Amino acid sequence: MQMRWKRFLGRMTGFAIVCAGMPLWASTSYYPLRPEDAKAVYLVRSEGGLHGDGIGDDTEAIQRAIDKVQETAGQGIVFVPEGRYRLSKTVFVWPGIRLIGYGANRPTFVLGKNTPGYQDGMGYMVMFTGNRPRNNAAPIRQGRPQTPVPGVVPINPSIADANPGTFYSAVSNIDLDIEEGNPAAVGVRFHAAQHCYLAHMDFHVGSGLAALHDVGNEAEDLHFYGGQYGIMTRKPSPGWQFTLLDSTFEGQSKAAIKEHEAGLTLIRAQIRHTPTAISIDPGYAEELWVKDSRFEDLSGPAVIVSNDLGLRTEINLEDVVCHRVPVFAAFRESGNKLPGRGEMYRVNALTHGLIFATPSAKGEVKTHFDVSSLSSMPELVPTDIPAVPAQSTWVNLKSLGAKGDGSTDDTAAIREAIAAHRTIYIPTGRYIVTDTITLRPDTVLIGLNPSTTQFDIPDSTPGFQGPGSPKPLLEAPKGGTNIVTGIGLYTNGINSRAVGAKWMAGKDSLMDDVRFLGGHGTTLPGVSFNTIYNNTHTADTDLNRRWDSQYPSLWVTDGGGGTFANIWTPSTFAQAGMMISNTTTEGRVYELSSEHHVRNEIKIDHASNWKIYALQTEEERGEGPFALPLSIESSSNITVANYHSYRVVSSYQPFLNAIHVADSHNIRLRNIHVYGDNKVSFDNSVVIDGKATQVVRNREFASMTIDTSSDDPETQPQKASPVLADGAKLERLAGGFYNVSGAAVDPAGQLYFVDAHWQRIYRLLPEEKRAAIVRDSPLDPVQLVFDKAGDLMVVSYAGNGTVYSFRPEALDEEITLLKPQKASARDGMTPVLPVNYWRNENDFVQAVPVPRPYQYVSPDGTTFIPAGEDFVTGALYYGTKMADVLRAFGLGRAVEGKPFYVSDESEQKTYVADVGSDGTLNHLKLFAECGGESVTQDAAGNVYIAAGQVYVYNPSGELIDTIKVPERPINLIFGGKDGRTLYILARTSVYGVEVRR
């Protein structure tokens, strides 16, 4: 049995404490023998300029091997034998290529002493990239040249950074060693997406900068020695979490991890001999989940939390054992500190952020710290990643007769291999399967790249046709200790009974690095990625391949459990990416990405005892507008932590809920991040059906525990509103709309608004409690603005930089196109500006108060709309226009002498500013730790913020009232004859309520 450090680490606890100056373990080669794969590229020492002696320069030879895979197969494996390989510049790992070391000793990439290019700034030894450049031009991404990556040595503007479309790349079983004289050196830039990983690596950073920079997706069994930092990172390129399993940090001079917005999920980490374990950069929020870890000999605060007063900060650490850690946590903004308890102690739980005592209670931003003293150090928590059998026992599937050529039926050969052997190594190939492959209870299947090593069911395979009961491609038996790693499972699109994997194996089983093919990132022979949409993104290119026509891709059921790590399951043909049903067996999920389904991303039904960490779901515009991402029914003892629920930027269809829970108890939600840079993110983060229906609209929160059997809604005593008129009640004034926003009031106070989906402009008739259509023309209206003369200005999505105007009483064909004018000071005129912005990079304060180069002036010359270059040119972001005057839910008039309020929707903050004569926001400062879709103010200066409900703040920034609305409010504006009616646009309806004089 091959021995990995994780298998014996639990026995080393006492040794680690006594021998405090020694490394925690000695690295062991994960692949001591050469894996045989005819389609792989093998580095061979003394050939092609490869030295492997730590002296000769091996950079070009390694790069040529990587290039060869890209040129011949597009994706695949480069095998690196043991040796010391000196690098003199950055090695580029193209998408879908994996570098895997082998030999009795791990191979090591070495940066020699005083290597030029690694003394200043930042310099990478290895870099995960976007597409390989075809020429020397700078890469184009989203319609504009991409900025050269500064850490490339030597700088090369043609190299594209890894990005949300970088899949399957990896480095495994290769150590990195940075020798002295390279203070700017970084081991790996790892800015990648699904199925990219780092594993079984030691980083000896010495006096270098860091081992890893800008990480992504998942890593395990990494060991960091020295450097200023082990990891320096920010938000991963796709915007979701980074998960690190079973790894250690030792001897960093500043902090083990320096990060922000990484969605850091840290499981069974050991960090010692460094000032700080985790330092979150100033001003940034983070979703931090740390579980079953150990901190030792940390001189500064173990954890430094930033943005600690904000709603976006979500911090949870559980079961962290500390030894000589005097201060466990420090909070930058408030200055608060959480001291340890003696020399040895356990942090049972630290929760900081928006906490709900019950789902029906009012959430509060606060800190919960549960700590207990220890008299001795406990054993380390053992890993739940089972070891693969010794490589000497592996049997090569192709040596047993399987072809893997994409045409031969390999079903019989695979079955015979399973019957005769426990551990089967599957080299690169497309293995055709026409019937269920059933594993024995101890069967182990090992592949090394799930994109190039696949089990495929051809379309229209007879045994998988329906209607009929579910039929799996792969089946793991009840109670099994099975391991399946590094392969792809493809049920194709015309196999209605198909299940990718039916998993009934037990708690000690493992599925790791498995791709359920279909949908985005699916490869076909000779094609880098399969085309999956017709020209309108409403169906597959082949209408016989019907979306939502198969059973779940990964179905854990009938007592199944185990560990599931680094899984990607985006097949649009399956009814869910993963379903867990009818089991009480313990299960763990780490970094699973389930996307692009029609019905559900994840469904949990009659299941108990599961921990789901770093789950990411995503719904596409075409297939996912009605998909419920996470459904939990009739289940118990489920923890969901660091969950990211996202709808893509081009979404247009509103949907109510990200999470639905019914008839369940002890459902622990920790660090829930529900978001969308579109205008139709989920209205509610959680809906709970039990004794009563409860709705949680807060899209970001740190902690909530759900028990439908006992959690009745809390009733708050009604208090007289300080802002609403006596006796005033919220009324629904009109309804039946698709999705309304873009409101404006005319000089008489009459409300106009837009239903952009139907390209309609409405006028509210409040006395009749209905709305009349003002315009029904195909001109894509988005925002409305009135000038003082009563002309209606319309900001349109159509064309490039389209703004038109008309008189509301004029005939339909009478419109005037307004031309953009160069920006200038317009004293005496009224600028009209977005009241909310979405910024992906936490740069609101820097990006928003910037002069816009253009202005659209009203027909009467009294009003103007500032606009950016992106609006005027029609610039696209992932195929969607995101100019601020289009992305906002509404525009607000900047009234002379009054402060202007604007909301940072993504960071959930509201700012106050002055407005210059050219419409630029000046002197921006934080007003309230609350922000959302819209903000307005009444005549008394009170500020109304739409953020799930309507929150009312006095001019001093104190919360004084909450106006509850039956639907999520998204656009607020005052109107009516005397300006005292607060109009609330809320998806399908318009509401109104009178405020005090």
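Small disclaimer: the values here were computed from a predicted structure and weren't measured.
Arg775 forms a cation-pi arrangement with Phe806, by the criterion of a distance under 6.0 Å to the ring centre and an angle within 45° of the ring axis. The cationic group of Arg980 does not satisfy the cation-pi geometry with Phe974, failing either the under 6.0 Å distance to the six-membered ring centre or the 45° limit from the ring axis.
Within a 6.0 Å sphere centred on NE2 of His923, heavy atoms belonging to other residues, nucleotides or ligands number 12 at most. Crowding of Glu896 atom CD: a count of heavy atoms from other residues, nucleotides or ligands under 6.0 Å not exceeding 12. Lys898 NZ: more than 12 foreign heavy atoms inside a 6.0 Å radius.
Scanning all heavy atoms of the two residues, the minimum distance from Ala658 to Pro629 falls at O-CD, 3.3 Å. Shown here for Thr981 and Gly976, the closest heavy-atom pair between the two residues is OG1-CA, 4.2 Å. Taking all atoms of both residues into account, the shortest heavy-atom contact from Leu628 to Asn657 is CD1-O, 3.6 Å. Of all non-hydrogen atoms in Ile970 and Ser741, the two that sit nearest each other are CD1-CB, 4.4 Å. Shortest non-hydrogen contact noted between Pro969 and Ala946 is O-CB, 3.7 Å. Contact detail for Ala798 and Leu779: the closest heavy-atom pair is CB-O, 4.1 Å.
Donor-acceptor pairing under 3.5 Å is recorded for the side chains of Asn836 and Glu905. Between the side chains of Gln821 and Arg826, at least one donor N or O sits under 3.5 Å from an acceptor N or O. Judged purely by distance below 3.5 Å, without hydrogens or angles, the side chains of Ser989 and Arg732 pair a donor atom with an acceptor atom. Side-chain atoms of Asp904 and Ser906 include a donor-acceptor pair closer than 3.5 Å. Checked by atom type, the side-chain pair Trp568/Glu595 shows a donor-acceptor distance below 3.5 Å. For the 3.5 Å distance criterion, the side chains of His596 and Glu618 qualify, holding a donor opposite an acceptor. Inspection of the Thr988 and Glu967 side chains reveals an N or O donor paired with an N or O acceptor under 3.5 Å.
With contacts defined as side-chain heavy-atom distances shorter than 4.5 Å, the pair Val835/Val902 does not qualify. Looking at heavy atoms from C-beta onward, Tyr983 lies out of side-chain contact with Leu972 at the 4.5 angstrom threshold. The side-chain heavy atoms of Arg647 and Phe655, taken from C-beta on, include a pair separated by under 4.5 Å. The shortest side-chain heavy-atom distance between Met829 and Thr862 does not fall under the 4.5 Å cut-off. At least one side-chain heavy atom of Ile672 sits under 4.5 Å from a side-chain heavy atom of Ile659. Phe573 places a side-chain heavy atom less than 4.5 Å from the side chain of Asp540. A 4.5 Å side-chain heavy-atom check between Ile865 and Val885 finds at least one atom pair inside the cut-off. Taking 4.5 Å as the limit, some side-chain heavy atom of Tyr854 sits within range of a side-chain heavy atom of Lys822.
Taken to the nearest 0.5 Å, the CD atom of Glu601 stands 13.5 Å off from the OH atom of Tyr646. Atoms CG and CG, on Leu921 and Leu924 in that order, are 6.5 Å from each other to the nearest 0.5 Å. Arg697 CZ to Arg968 CZ: the interatomic distance, rounded to the nearest 0.5 Å, is 7.5 Å. One distance of note links CG of Asp161 with OG of Ser237; it measures 7.5 Å at 0.5 Å rounding. To the nearest 0.5 Å, atom OH of residue Tyr752 and atom CG of residue Asp746 are 5.0 Å apart. Atom CG of residue Leu792 and atom OG of residue Ser858 lie 11.5 Å apart, to the nearest 0.5 angstrom.
Judged by distance alone, the side chain of Asn684 and the main-chain N or O of Val686 form no donor-acceptor pair under 3.5 Å. Under the 3.5 Å distance criterion, the side-chain polar atoms of Asp938 are matched with a main-chain donor or acceptor of Asn942. A side-chain donor-acceptor contact under 3.5 Å links Thr910 to the backbone of Cys930. Arg699 places no side-chain N or O within donor-acceptor distance of the main-chain N or O of Ser685, the cut-off being under 3.5 Å. Side chain of Thr166 to backbone of Ala162: no donor-acceptor contact under 3.5 angstrom is found. In this structure, Thr873 contributes its side chain and Glu869 its backbone to a donor-acceptor pair below 3.5 Å. Panel note: side chain Ser903, backbone Gly932; a donor-acceptor pair is recorded below 3.5 Å. Judged by distance alone, with hydrogens and angles left aside, the side-chain atoms of Arg546 form no donor-acceptor pair with the main-chain N or O of Gly493 at under 3.5 Å. The backbone N or O of Phe889 sits nowhere less than 3.5 Å from a side-chain atom of Glu933 that would complete a donor-acceptor pair.
Using a cutoff of 4.0 Å between basic side-chain nitrogens and carboxylate oxygens, Asp884 and Arg852 are scored as salt-bridged. Here Asp683 pairs with Arg987 in a salt bridge; the nearest charged N to carboxylate O distance falls below 4.0 Å. The pair Glu700-Arg312 counts as a salt bridge, with a side-chain nitrogen and a carboxylate oxygen less than 4.0 angstrom apart. In this structure, Lys909 does not pair ionically with Glu907, as no charged nitrogen and carboxylate oxygen lie closer than 4.0 Å. With respect to the salt-bridge test (charged N to carboxylate O, under 4.0 angstrom), the residues Asp791 and Arg807 qualify.
Tyr911 has its ring centre less than 6.0 Å from the ring centre of Phe844. Side-chain rings of Tyr762 and Phe737 approach one another, their centers coming within less than 6.0 Å. Here Tyr533 and His520 bring their ring centres to under 6.0 angstrom of each other.
Evaluated for a salt bridge (charged side-chain N to carboxylate O under 4.0 Å, His left out) with Arg760, the options Asp776, Asp755, Asp780 yield exactly one hit, Asp776.
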key: ring-ring contact (aromatic ring centres under 6.0 Å, His included) assessment of Phe927 paired with Tyr901   = CA-CA 8 Å; Phe927 172 74; Tyr901 295 90; 4.8 Å; yes
Stepwise side chain to side chain contact (heavy atoms under 4.5 Å, CB included) check, Tyr877 with Asn840 = CA-CA 12 Å; Tyr877 173 77; Asn840 280 325; 3.3 Å; yes
message = Please determine whether side chain to side chain contact (heavy atoms under 4.5 Å, CB included) holds for the pair Asp914 and Phe900, giving the CA-CA distance in whole Å, both sets of side-chain angles, and the decisive distance to 0.1 Å.
response = CA-CA 6 Å; Asp914 304 326; Phe900 187 83; over 6 Å; no
task = Could you walk me through whether Tyr856 and Tyr804 pass the side chain to side chain contact (heavy atoms under 4.5 Å, CB included) test, one step at a time?
result = CA-CA 9 Å; Tyr856 291 83; Tyr804 62 91; over 6 Å; no
request  = Test side chain to side chain contact (heavy atoms under 4.5 Å, CB included) on Lys679 and Val782 and set out the steps.
outcome  = CA-CA 11 Å; Lys679 294 173 73 170; Val782 177; 3.8 Å; yes
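Taking the six-membered ring where the residue is Trp, Tyr675 and His644 present perpendicular rings, their angle passing 60° and hence far from 30°.
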